[in-house]
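The block underneath contains the structure these notes are about, expressed in structure tokens.
Letters A, B, ... are given to chains in the order of the sequence lines, protein chains preceding strands, and every chain is numbered from 1.
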Amino acid sequence: MVTISLPDGSKREFVKGTTLIQVAKDISSNLAKNVVVAVFNGVETDLNSELFTDGSVEFLDFSDERAKEVYRHSSAHILAQAVKRLWPDTALAIGPAIDKGYYYDFNSSHTFTPEDMPLIEKEMKKIIKENQPILREVMSRDEAVEFFASINEPFKVELIKDLPDDEDISLYRQGEFVDLCKGPHLPTTGKVKHIKLMSLAGAYWRGDKDNPMLQRIYATSFPTLEELEDYITKVEEAKKRDHRKLGKELGLFVLLDEGPGFPFFLPKGMILRNELENFWREEHAKAGYNEIRTPIILNRQLWENSGHWEHYQENMYFTTIDETDFAIKPMNCPGSMLVYKQNLHSYREFPLRIAEMGLVHRHELSGALHGLMRVRSFTQDDAHIFMLPEQIIDEIKGVIDLVDRFYSLFGFSYHVELSTRPEKAMGSAEMWDKATNALITALNEKGLTYKLNEGDGAFYGPKIDFHLQDSLDRTWQCGTIQLDFQMPEKFDLTYVGEDGEKHRPVMIHRVIYGSIERFIGILTEHFAGAFPAWLAPVQVKVLPIAERHHAYALEIVKMLQNSNIRVEADTRSEKVGYKIREGQLQKIPYLLVVGDKEIEGATISIRHRKKGDLGSQSVKDFINTLSEEIGNKII
RNA sequence: GCCGAUGUGGCUUAGGGGUAGAGCAGCUGAUUCGUAAUCAGCAGGUCGGGAGUUCAAAUCUCCCCAUCGGCUCCA
């Protein structure tokens, strides 16, 4: 017998060889129905596995993240099985669970098309209905290599060869289908209830662009139809918030064939942008920054000196002026270095914070362009901070605070990543360690948790990145803090220390918004176009009911304008319902309806875009409350 | 850049070998009507660009360009 203890502290006895699913059944049939995976002695374990030793067991249902992963992973196997049935010459690559579903990468002589998706779904449903048991097998490495070679699965062979020599290889079998897999898995294919293929895509084998391109099928699955439909609805809803769609509808910006990746900002988009910049200038002045502006085109020698010519060339644009090579700046730092060098600096000036709203151009791959999120010309809200080594940690903490001040103002949640030395890097390993440790210390002292990205740093230093989410939960890097010991060296930057001698300053590059363009993209999706009043391109629209109310409407407009409120009047000969509809679609914060009643009482009727009709008020009171809302940047 | 899909007036879109149809927006006129679309009329596209097949191409083929979904890469 084996003794099994359960999370509630109770213990039960079973004969040796009892499977975990039988244990679940013994507890309750409902549990057995909902359980996805067991945790036996702290290890996630197949429900089909048999018990031979005492231990503790916890059963997880779909609501647990670990269970979701198992559920989706088994779903991926079903997808692969279906594809193999339909196109037997297909070779399997990998098929993991991902955030909201799973995918499987295939190499097939058949090119998958959207028309294939219903076929595959149908076959998957068939496999689910067959309710095949999913069984684990173990082979030695050599056996496994031989086996997968024999069934023409070259990618699997390659995967096995990369596993540690001494490790046994586990396989999972369901009916005629078998896959190399660490597991664990669901006990049967019938445990998967509702599946949906989402999209087709290309993907390089092992994510390396020098490898062959495979065909990837993205899909998702849920235990109930309701959850699946919920998810699909959410995706549909999220698409409505897409900044590219809203940017067009709200007249914020356009991207044209004439300038792929080079956005045009329209009048309304400019208002938004200018508000963001104004706020930025105010905050940076308060935080002790000086602002500069450096040229967009600078000569080749500068870029050779900075290392960009060697390390960043494939992303740069070039031009020739009077037979001399110039580059269009992809970053602002070299310009900032030159500004630093215009004066002799004392340690007393430090930390010296030099900011620049710098327009940079980078050659991004055509397939990578994405609305305002990924463009080829963008404005970085850059700053370079020059300081003493002992000021590093405090200064980084200061920037972290500034980032938080900005992001929380907009109600963003964000996550932090730390990137370390890349292969193509300048400077010694010691320098990098020192720099990386400084970033880690600052993060720890701020109590921030972060994701570590080994080898993802800039070529001149390690960095802390701040990531924000778009409407489809894709994350985009916005703020970044990069420590740089290289640039001051390259440009021979110095300051005069307490001892009267020249010393080398350290420097950080940092941005808060990241790029104004990307930030506007994120902001648009975050607010679904309904920007807080302080950012709204049009804050108020006055809607006269009939022509005889036009004069009064224009009077109101004047009054609001005099209070620096962005206001328009809609004097077309349309019914108020029509004007309101349009105002709502334009997401204007306040619509003011004026007719006979309002003229008589010298008031206005206020309609808030979300709260609806707020009744009437005097113009003066409205101006006061709105001015306060704008002034305090209420979201 | 790579894989796949898409590309019709300002926007959304019908049409899939016989020389483009609609709704919204626009303009004109009528209407002056209180909280998400008043009515009528007019005008607007040669179908992303180029080449080819054909008596005939928006519709078929090829090559470009752009966009979308991914991959790769990055703010």
Side-chain angles (χ1 to χ4, degrees), chain A residues 103 105 111-116 198-218 239 242 244-245 248-249 251 254-261 312 314-315 330-331 358 360 362-382 419 456 458 463 465-468 472 474 476-480 482 509 511-519 521-522 543-550 572-586 591-598 605-609 612-615:
Chain A
Y103 67 77
D105 284 349
T111 301
F112 302 129
T113 67
E115 291 77 63
D116 295 333
M198 302 303 291
S199 62
L200 298 167
Y204 298 108
W205 165 237
R206 299 198 147 174
D208 185 334
K209 65 176 161 33
D210 296 324
N211 284 338
M213 169 93 31
L214 307 172
Q215 301 187 70
R216 175 172 298 177
I217 299 177
Y218 282 93
K239 282 182 186 158
D242 190 313
R244 292 166 297 189
K245 183 174 154 63
K248 195 182 279 180
E249 287 170 3
V254 269
L255 281 151
L256 302 172
D257 283 5
E258 287 80 352
Y312 209 69
E314 66 274 22
N315 285 302
M331 294 188 195
V360 298
R362 297 184 186 174
H363 179 75
E364 295 295 336
L365 294 178
S366 57
L369 301 179
H370 183 98
L372 287 185
M373 304 292 201
R374 175 67 74 65
V375 290
R376 284 176 172 159
S377 73
F378 56 100
T379 308
Q380 292 184 303
D381 62 319
D382 220 339
S419 298
D456 273 353
K463 58 179 186 166
D465 294 326
F466 298 84
H467 291 248
L468 296 174
L472 288 174
R474 292 175 290 211
W476 299 90
Q477 183 185 320
C478 289
T480 172
Q482 311 182 344
H509 310 243
V511 289
I512 308 291
Y513 290 137
S515 104
I516 303 288
E517 289 76 6
R518 177 176 288 181
F519 198 81
I522 299 268
L543 313 180
I545 287 172
E547 240 171 85
R548 63 177 180 281
H549 310 124
H550 284 191
R572 292 173 306 174
S573 75
E574 295 288 353
K575 304 210 279 192
V576 257
Y578 181 89
K579 296 180 185 179
I580 285 171
R581 176 181 155 82
E582 203 164 276
Q584 287 285 136
L585 291 174
Q586 285 294 304
L591 299 175
L592 305 182
V593 177
V594 295
D596 293 333
K597 272 191 288 180
E598 287 72 21
S605 284
I606 304 161
R607 183 190 165 99
H608 185 264
R609 66 179 163 205
D613 194 344
L614 299 181

Considering only nitrogen or oxygen atoms on both sides, find all protein atoms under 3.5 Å from nucleotides 47-50 of chain B and state each distance.
none

So that I can compare with my own list, what are the stems of RNA chain B, taken as at least three consecutive Watson-Crick or G-U pairs with distances under 3.5 Å?
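So far as stems of 3 or more pairs are concerned, RNA chain B shows B:1-7 with B:65-71, B:10-13 with B:21-24, B:26-30 with B:38-42, B:48-52 with B:60-64.
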If we ignore hydrogens and angles and just use 3.5 Å, is the side chain of A/Asp116 paired with the main-chain N or O of A/Thr113 as donor and acceptor?
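The answer is yes, because a donor-acceptor pair under 3.5 Å joins these two groups.
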Ion pair present between [X] and [Y], side-chain N to carboxylate O less than 4.0 angstrom?
X        : Y        : value
A/Asp456 : A/Lys463 : no
A/Arg572 : A/Glu582 : yes
A/Arg244 : A/Asp242 : yes

If I take atom [atom1] in residue [X] and atom [atom2] in nucleotide [N], what distance separates them, rounded to the nearest angstrom?
X        : N     : atom1 : atom2 : value
A/Leu543 : B/C33 : CG    : C1'   : 14 Å
A/Glu517 : B/A75 : CD    : C1'   : 9 Å
A/Phe112 : B/A5  : CZ    : C1'   : 16 Å

Assign A/Arg518 to base, sugar-phosphate, or nothing according to its heavy-atom contacts below 4.0 angstrom with the strands shown.
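Base, at least one base heavy atom under 4.0 Å.
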Tell me whether the ring of A/Phe378 lies stacked over the B/A75 base, given a 5.5 Å limit on centroids and a 30° limit on the plane angle.
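Yes, A/Phe378 stacks on the base of B/A75.
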Among B/G34, B/U72, B/C73, the one nearest A/Ile545 by side-chain distance
B/G34
Passes side chain to side chain contact (heavy atoms under 4.5 Å, CB included), A/Gln215 versus A/Leu200? Steps please.
CA-CA 7 Å; A/Gln215 301 187 70; A/Leu200 298 167; over 6 Å; no
